[in-house]
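Comments concern the structure below.
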Amino acid sequence: LGIAGVAGNGQSELLEVLGGFHPATGTVRVNGEEIDLTGKTSDGQSRRARGIAHVPEDRHHLGLILDFAAWENMVFGYHNAPEYQKNAVLMDNAAIVKATEAAMERFDVRPPIPQLPARGFSGGNQQKIVLAREIERNPDLLLIGQPTRGVDIGAIEFIHRRIVELRDAGKAVLLVSVELDEIMSLSDRIAVMFDGRIMGERLPADTSAQDLGLLMAGIDGKAA
């Protein structure tokens, strides 16, 4: 449990594999159960069913459908949830709008207009919509890539608080970021990748930006 920060070269691919975007080989277990990484029996939908939520690095291409309204984006990937179904054929749009209004209030999305297309929000508020959609599902594991890229200072502080709150609730967070300050301030432990491999793991209190920079370049300064 806790927040595991990942920096370096190859972390984007790691996040997409864990999120079910791309197949891979290897072994990953969540709550003691192995996840199929080959894509044959497991994808993004099955990951969600296992309690894995994913905030992708690129919110415009992978996190949102910009021409869709906020309320439509709020169920992106969770549209089959029973609370959103009116019957076997129709979705309960009124229930989705109501849930979106509540989520917008909790995540301070501005303006709080569920009918507004996603492209009508600022970058920080777009990110809050994606975060609200994933965190509101109370996941056991949150995969989150570049959580504060292209957002303002106020939104950065808000997003950081929500990530820490999830950790404090006993959930696991895998945080990928190119911002070393973000990694250092949020993580309980840090893994650094180079050329698709983990070069080393560090505790924030026992490392520095220089040490992490060497690992990101493929050099283990402590080993040397």
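Side chains are part of it too, since the values below use all heavy atoms of this structure and drop only hydrogens, waters and symmetry mates.
For the side chain to side chain contact (heavy atoms under 4.5 Å, CB included) test with P147, the passing option among R162, E182, E57, R59 is E182; the others fail. When L212, L215, L180 are each tested for a side chain to side chain contact (heavy atoms under 4.5 Å, CB included) with I190, only one passes: L212.
Residue I144 holds its CD1 atom at 9.5 Å from OG of S177, rounded to the nearest 0.5 Å. The distance from atom CD of E134 to atom CG of L166, rounded to the nearest 0.5 Å, is 11.0 Å. We find the CZ-CG distance between R161 and L186 to be 12.0 Å, quoted to the nearest 0.5 Å. Here L203 contributes atom CG and R189 contributes atom CZ; the two are 9.5 Å apart, rounded to the nearest 0.5 Å. If you take CD1 on I96 and NZ on K86, they are separated by 10.0 Å, rounding to the nearest 0.5 Å. To the nearest 0.5 Å, atom CD of residue Q126 and atom CG of residue L131 are 12.0 Å apart.
Looking only at side-chain heavy atoms (C-beta outward), E72 and T100 stay at 4.5 Å or farther from each other. By the 4.5 Å heavy-atom criterion applied to side chains, I52 and P139 are not counted as neighbours. Contact of the V97 side chain with the Q115 side chain is registered, since non-hydrogen atoms from C-beta on lie closer than 4.5 Å. Within the 4.5 Å cutoff, no side-chain heavy atoms of F121 are placed close to those of K128. Side chains of L64 and I129 form a contact here, defined as non-hydrogen atoms less than 4.5 Å apart. Between V28 and E34 the shortest side-chain heavy-atom distance does not fall below 4.5 Å.
In terms of heavy-atom proximity, I183 sits nearest to S187 at O-OG, 2.7 Å. A pairwise comparison of heavy atoms in Y84 and V75 identifies CE1-CG1, 3.3 Å as the closest pair. Nearest heavy-atom pair across G124 and A155 is CA-CB, 4.2 Å. Smallest separation of non-hydrogen atoms from R167 and G2: CG-CA, 3.5 Å. Of all heavy-atom pairs between V130 and P56, the closest is CG1-CD, 4.4 Å. Of all heavy-atom pairs spanning N138 and K171, the tightest one is OD1-CE, 3.2 Å.
Criterion: ILVMFWY side-chain heavy atoms under 4.5 Å apart, direct or through other members. Under it, L174 and I3 are not part of a common hydrophobic cluster. No continuous path of hydrophobic side-chain contacts links I159 to V176 [ILVMFWY only; heavy atoms under 4.5 Å]. Under the 4.5 Å side-chain heavy-atom criterion for grouping Ile, Leu, Val, Met, Phe, Trp and Tyr, I135 is connected to M104 within one hydrophobic cluster. The same ILVMFWY cluster, assembled from side-chain heavy atoms under 4.5 Å apart, contains both F158 and I163. Side-chain heavy atoms closer than 4.5 Å link hydrophobic residues (I, L, V, M, F, W, Y) into clusters, and following such links, even through other members, never connects V55 to V178.
Each ring pair (Phe, Tyr, Trp, His ring centres under 6.0 Å) pair with one or both residues in residues 10-42, not counting sequence neighbours, appears once here: F21-H54.
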Please lay out, stage by stage, how N9 and M193 fare under the test side chain to side chain contact (heavy atoms under 4.5 Å, CB included). CA-CA 5 Å; N9 181 312; M193 298 188 70; 5.9 Å; no
In sequence, state the C-alpha distance, the side-chain angles, and the governing distance for E179 and T148, and then conclude on side chain to side chain donor-acceptor pair (under 3.5 Å). CA-CA 9 Å; E179 303 291 341; T148 56; over 6 Å; no
Criterion side chain to side chain contact (heavy atoms under 4.5 Å, CB included) on L141 and L143, from CA distance to verdict: CA-CA 7 Å; L141 167 62; L143 309 172; 4.0 Å; yes
Would you please test N125 and S122 for side chain to side chain donor-acceptor pair (under 3.5 Å) and show each step? CA-CA 5 Å; N125 285 290; S122 68; 2.8 Å; yes
Between R119 and H60, is the side chain to side chain contact (heavy atoms under 4.5 Å, CB included) condition met? List the steps. CA-CA 9 Å; R119 67 171 65 256; H60 285 172; over 6 Å; no
Please report the C-alpha distance between R197 and D195 in whole Å, then the side-chain angles of each, then the deciding distance to 0.1 Å, and finally whether the side chain to side chain contact (heavy atoms under 4.5 Å, CB included) criterion is met. CA-CA 6 Å; R197 296 180 179 275; D195 198 23; 5.8 Å; no
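Looking at S46, its side chain does come within 3.5 Å of a backbone N or O of D43 through a donor-acceptor pair. A side-chain donor-acceptor contact under 3.5 Å links N73 to the backbone of A69.
Side-chain contact annotation: H79 with Q85, donor-acceptor N/O pair under 3.5 Å absent.
Within a 6.0 Å sphere centred on CG of N87, other residues, nucleotides and ligands contribute more than 12 heavy atoms.
I65 belongs to a hydrophobic cluster whose other members, connected by ILVMFWY side-chain contacts under 4.5 Å either directly or through intermediates, are F68, F76.
Cation-pi contact between R133 and Y78: absent, since separation from the ring centre below 6.0 Å together with deviation from the ring axis within 45° is not met.
Salt-bridge formation is not detected for the pair D140/R47: no Lys NZ or Arg NE/NH1/NH2 atom is positioned less than 4.0 Å from an Asp or Glu carboxylate oxygen. Salt bridge absent: D58 and R149 never bring a charged side-chain N and a carboxylate O closer than 4.0 Å. Note on E83 versus R137: salt bridge recorded, some NZ/NE/NH1/NH2 to OD/OE distance being below 4.0 Å.
With sequence neighbours excluded, the residues satisfying side chain to side chain donor-acceptor pair (under 3.5 Å) with D108 are R110.
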